[in-house]
Number of protein chains: 2
Amino acid sequence: MTRVLVVEDDPQLVRALVINMQARRYGVDAAPDGATALRLAAARQPDVVMLDLGLPDMDGVDVIRALRGRTRVPILVLSARQASEEKAAALDAGADDYITKPFSMDELLARLRAAVRRTEDVPLVPGTTLVETDGFTIDLLARKAVRAGRDVRLTPTEWHLLEILVTNPGRLVTQQHLLREVWGVSQRDRTNYLRVHMAQLRRKLEADPSHPRYLITEPGTGYRFEG
Amino acid sequence: MTRVLVVEDDPQLVRALVINMQARRYGVDAAPDGATALRLAAARQPDVVMLDLGLPDMDGVDVIRALRGRTRVPILVLSARQASEEKAAALDAGADDYITKPFSMDELLARLRAAVRRTEDVPLVPGTTLVETDGFTIDLLARKAVRAGRDVRLTPTEWHLLEILVTNPGRLVTQQHLLREVWGVSQRDRTNYLRVHMAQLRRKLEADPSHPRYLITEPGTGYRFEG
DNA sequence: CAAGGGGGTGACGAAGCTGTGACCGCCGAG
DNA sequence: CTCGGCGGTCACAGCTTCGTCACCCCCTTG
């Protein structure tokens, strides 16, 4: 069943959406504000987020950024604002679609189907929970890193970075991708974040941090984990 | 460079789109009707298709279906029709977005960026990810080159060049095409870029760089990868 | 309130990448 | 044969990017 998270503060509209989507066999959660939305997004792992930009507690674009910092779930924005700058800001923050109110339920559902269809095409990589190298061991499930028999403490940012690299063994991961996944930014001019935190990771995991064996730099493009 | 195929029969609108997109460094092809669009989509392998539903020769939804039969390239529909049934039909046929005329250029470009961004994360071509020769192996997905068991380090420019040649095995790729793709220039007087970087590629990949076996020069016209 | 950790910022030397021009060899035309 | 066009090779300078460090702010904790 496809799970949808509806983020909307107008209870009447929520009701209409929930009824229509449940009738089409979607599983629906609803959040009336940004804080609840972020919590529910983490807890329920929805397949799509439907987000009203006019929330009582947070700016809608900030909600998009916060979501994009953690997940790639499709985000459909609902908004009464028609200005093209608003649309561009939301889309560039990471939204997948922007629908202006009032909208027809048919159109909304069609756009929802289109968003879901896109993610279905992408087969998820079957997850191995344990990643071992000669130098260290990463347990993705337990969220634990061990090096030379000792537990290594990793900060949330470090872990997030490492997780992405390690789940794509041997593959080059672009700077852009890492920035979007970990920091939710799409700007190319923040690669210093990457440099600093990659250095930190190497210091904690590599035997010789200045000559890394597992966390490899690909100049100008990104990083790569070699298993 | 991101390649966009514009399918639109109104020459004035085509002109406006082409100017705006070229200014933002997109590579643009244009087709005035459905038949041309399908031909160009096959020939040029665009990264995005921008499709007007009101074409002189075919129904727009049929064009979407025909495209979807061959490729998963993002399709942005432009249309003067506002009816939600039209939108639902186009989206369900496989379109990724539906924009009603008149639209603002800002919004269009933002939706274009959103569509392109989605595909960047998901490297397509799941089938032909590995290119092998007697001398070396190229893994397009992992972005990795191996020769004689050793990883070969390629710079972004070298990789870009190689990728284009390797994805057109046996085919001649013109100097103009390579220059446009890698450097975004259309001048023919910059072939020295090609010479230098092709030499570099041969040095890294060929057993005997001065007598290349895989990266072949076609004097006066371009280069060719022989598999 | 102080201490400490996490994370962003800016500076700086080092390393890597890329365009440029000089030079050479090849080859066909005159 | 000479010449000119084309392509390959090389060294180098300028720029960009990288790793590292010191420093700051902010938040949490006690």
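Below, chains carry the letters A, B, ... as their sequence lines are ordered, and counting in each starts from 1. Keep in mind that this is a model prediction, so the values were computed, not measured.
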**Q** Considering only heavy atoms of chain A and a distance under 4.0 Å, specify the first and last nucleotide of DNA chain C in 5' to 3' order that meet this criterion.
**A** C:dG6 to C:dC17
**Q** In this structure, which one of A:I75, A:V49, A:D52 forms a side-chain contact (heavy atoms from CB on, under 4.5 Å) with A:V7?
**A** A:V49
**Q** Check the side chains of B:D139 and B:T137 for a donor-acceptor pair under 3.5 angstrom, ignoring hydrogens and angles.
**A** no
**Q** Wobble G-U and Watson-Crick pairs count when both distances are under 3.5 Å; given that, what is the 5' to 3' dot-bracket string of DNA chain C, with | for pairing to other strands?
**A** ||||||||||||||||||||||||||||||
**Q** Search all heavy atoms of A:S79 against all heavy atoms of A:Y98 and return the closest pair with its distance.
**A** OG-OH, 3.1 Å
**Q** Return the set of residues passing side chain to side chain contact (heavy atoms under 4.5 Å, CB included) with B:T155 (not counting sequence neighbours), or none when no residue passes.
**A** B:T157, B:E158, B:K204
**Q** Hey, can you tell me if B:Y214 and B:F136 have their rings parallel, tilted or perpendicular (30° and 60° cut-offs)?
**A** perpendicular
**Q** If only side-chain N and O atoms count, and only distance matters, is there a donor-acceptor pair under 3.5 Å linking B:Q200 with B:R203?
**A** yes
**Q** Name every residue in residues 142-161 of chain A that has at least one heavy atom under 4.0 Å from any atom of DNA chain C, in order of residue number, or write none if there are no such residues.
**A** A:R153, A:T155, A:P156, A:T157
**Q** Given side chains that start at C-beta, do those of B:L17 and B:V28 come closer than 4.5 Å, heavy atoms only?
**A** no
**Q** Across nucleotides 5-27 of chain D, 5' to 3', mark each nucleotide with B, S or - according to how protein heavy atoms within less than 4.0 Å reach it.
**A** --BBSB------SBBSB------
**Q** Above 12 or not: heavy atoms from other molecules or residues under 6.0 Å from CZ of B:R224?
**A** yes
**Q** Would you mind telling me which of A:R117, A:R68, A:R72 makes a salt bridge (Lys or Arg N to Asp or Glu O under 4.0 Å) with A:D96?
**A** A:R68
**Q** Among all residues two or more places apart in sequence or in another chain, which pass the salt bridge (charged side-chain N to carboxylate O under 4.0 Å, His left out) test with A:D29?
**A** A:R44
**Q** Can you find a heavy atom in the side chain of B:L178 that is under 4.5 Å from one in the side chain of B:I164?
**A** yes
**Q** Can you confirm whether B:R24 sits close enough to B:L112 that some side-chain heavy atom of one is under 4.5 Å from a side-chain heavy atom of the other?
**A** no
